[in-house]
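First listed ligand is number 1; within each ligand, the first listed atom is number 1. Numbers for residues simply follow the sequence, beginning at 1.
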Amino acid sequence: MKEIIEPFRIKVVEPIGFTDQAERERILGEAHYNPFLIPADKILIDLLTDSGTSAMSAAQWGAVMVGDESYAGSRSFFRFEKVVRDITGLKHVIPVHQGRAAERLLFGLIGGVGRHVPNNNHFDTTRANVEFSGATADDLVVDEAKDFDSDYPFKGNLDPNKLRAYIRTNAARSIPVIMLTVTNNAGGGQPASMANIREVSEIARENAIPFFLDACRFAENAYFIKLREPGYEHKSAKEIAQEMFSHADGATMSLKKDGFGNIGGFLALNADVLAEKARNLLILTEGFPTYGGLAGRDLEALATGLEEVLDERYLEYRLACSRYLADHLTEIGIHVVQPPGGHAVYVDAKRFYPQIDSLQFPAQRLVAEIYSKGGVRAAEIGTVMFGKKDQTTGADIPSDKELVRLALPRRVYTQAHINYLIEIFAEVFAEREAARGLRIVQESPMLRHFTAHFKPIT
Ligand SMILES: *Cc1c(COP(=O)(O)O)cnc(C)c1O
């Protein structure tokens with residue numbers, strides 16, 4: 001097979017932030033060892049997130065110029081609505097400024113004290129919005145997801161047996177929605193199979209519970225199905241995506257992921273009354289229903305992005321990128337979550353730094369090291385992000401995983417950038433035995449990873 005190449009050429013370029021190691025060590029201290037607090041122009045390769053960091057295409061930039069900025073009834077909205085409906089088949093399309101705004105609308109209406117929301121794994125903003133409403137957010141992913149070495153092809157599946165037991169324990173009427181995140185971001189960017197989507201939707205229907213997809217990376221999930229699920233090898237990514245959505249009653253989506261957008265999202269659903277309520281809330285906090293929290297030009301760029309993301313040459317290249325990075329890190333001796341997800345490679349920091357206890361944040365330490373060595377920024381997905389607090393003592397309860405997420409922005413970095421990253425990891429790995437943990441000196445009660453301050457333990 002020939003090399004899978006970047007399926008684009010570059011028309012616009014942007015310089016990246018070169019610094020030396022002494023400078024980076026000073027910057028890291030000033031940012032309290034939290035990469036979210038480092039100014040972006042001091043980052044060489046930014047793998048903090050794939051969210052809102054995509055390179056837009058020439059066609060998207062062209063679409064920006066034809067955006068209709070009318071307050072009501074914008075032509076750009078109707079184009080956006082048509083594209084979203086074509087892919088999802090869902091009746092009501094409600095534009096919002098990003099995914100969490102869709103979550104806030106949804107859980108503001110159907111959440112609340114005494115309610116229970118199951119998901120494969122809740123993404124952090126989804127969990128926060130469920131819990132902020134007073135409801136409980138529970139993760140029912142299959143057990144295979146916990147074994148980082150298993151090459152089970154659909155580690156994003158929601159366990160149907162756990163779901164049935166969950167419905168028996170909590171009573172269907174206390175469950176306002178069953179969510180399924182595709183791909184499963186908090187669970188390693190792993191896909192859910194069509195068989196699982198179908199089965200979960202059947203369980204939802206039997207119990208008269210609505211079934212929603214958190215569809216941020218639906219196109220990557222669709223292409224994984226094409227590559228891995230028998231019976232789908234000859235279907236197009238678009239047909240597979242349409243079939244995925246055909247099982248759902250609704251979806252939330254951040255278009256900063258598979259929408260190729262720098263901002264944007266939607267809530268889409270079939271239920272008329274709920275949609276009406278959501279639009280009324282939308283007017284209160286986001287904007288009129290034909291623009292939500294977006295400009296007309298955004299709606300145009302996003303509609304074009306949603307069409308482009310289902311291009312199979314792109315999706316083939318996209319999944320080859322994470323595979324390439326994962327394979328090379330594995331060759332060095334670094335453990336990564338297998339098989340690699342679509343949008344990111346997750347390094348197992350527990351095995352990278354076995355000497356650092358989870359309560360001293362090994363993944364946060366690794367994030368700090370790759371910045372200091374190479375100017376690379378990545379995200380901690382471990383006890384800082386997902387650790388719970390003991391209700392009485394306030395002490396940290398460790399997360400069961402300590403991962404560093406190397407998220408790959410779409411169409412942004414070339415293979416040479418990735419090769420450089422692999423060199424940095426080899427250097428940090430060679431010095432792993434000397435590393436110590438960190439402690440938190442300042443934190444916020446919710447989503448603390450964005451703003452927490454750390455100090456090295458000496
Ligand atoms: C990014 C993301 C969200 C939230 O979207 P924002 O646009 O960041 O508000 C929700 N769920 C998943 C799975 C995500 O990846």
Side-chain angles (χ1 to χ4, degrees), residues 36 47-54 84 94-108 111 117-133 137 139-141 145 155-158 177-192 197 212-222 224 244-245 248 250-268 282 285-286 292-294 298-299 301-302 305-306 309 318 322 341-346 378-379 381 385-386 403 405-410 446-447 449-450:
F36 283 101
L47 308 183
L48 187 65
T49 177
D50 64 320
S51 177
T53 53
S54 297
V84 174
I94 299 172
V96 293
H97 77 279
Q98 61 184 92
R100 70 197 68 184
E103 294 166 351
R104 192 188 48 74
L105 289 178
L106 183 66
F107 294 111
V117 180
N119 203 326
N120 43 1
N121 284 111
H122 287 84
F123 180 64
D124 57 354
T125 63
T126 322
R127 170 175 296 281
N129 274 293
V130 169
E131 291 177 350
F132 187 70
S133 81
D139 294 341
L140 307 182
V141 74
K155 287 183 176 177
N157 284 354
L158 193 156
V177 67
I178 295 170
M179 298 279 298
L180 184 69
T181 308
V182 292
T183 58
N184 190 15
N185 186 0
Q190 302 290 330
I197 295 171
F212 274 52
L213 291 176
D214 177 339
C216 295
R217 298 176 183 80
F218 75 96
E220 290 172 11
N221 200 95
F224 274 123
M244 286 164 53
F245 283 106
T252 55
M253 181 169 176
S254 168
L255 291 163
K256 300 171 72 173
K257 286 58 175 267
D258 274 354
F260 282 134
N262 302 125
I263 198 74
F266 65 74
L267 169 65
L282 184 83
T285 59
E286 288 276 303
L294 297 167
D298 295 325
L299 292 166
L302 294 166
L306 281 170
V309 78
R318 176 72 175 157
S322 54
H343 69 295
V345 172
Y346 293 70
I381 310 255
M385 186 184 271
F386 286 116
L403 301 175
R405 186 182 73 175
L406 306 169
L408 302 168
R410 294 167 182 75
M446 260 193 281
L447 299 175
H449 53 284
F450 288 128

**Request:** Answer yes or no for Lys257 and Phe123: cation-pi contact, defined as NZ/CZ to six-membered ring centre under 6.0 Å and angle to ring axis within 45°.
**Result:** yes

**Asked** How about Phe107 and Phe132: are their ring centres within less than 6.0 Å of each other?
**Response** no

**Neighbour list for ligand 1 [protein residues, heavy atom under 4.0 Å]** = Gln98, Gly99, Arg100, Glu103, Phe123, Thr125, Thr126, Thr181, Asn185, Asp214, Cys216, Arg217, Ser254, Lys256, Lys257

**Prompt:** Using 4.0 Å as the upper bound for N to carboxylate O, is an ion pair formed by Asp50 and Arg217?
**Reply:** yes

**Request:** I would like to know whether His97 and Asp298 meet side-chain hydrogen bond (donor to acceptor under 3.5 Å, both in side chains); could you show each step before the answer?
**Result:** CA-CA 10 Å; His97 77 279; Asp298 295 325; over 6 Å; no

**Asked** Does the pair Leu299 and Phe266 meet the rule for a side-chain contact (heavy atoms from CB on, under 4.5 Å), with working shown?
**Response** CA-CA 10 Å; Leu299 292 166; Phe266 65 74; over 6 Å; no

**Prompt:** For Glu103, which residues count as a salt bridge (charged side-chain N to carboxylate O under 4.0 Å, His left out) partner, sequence neighbours excluded?
**Reply:** none

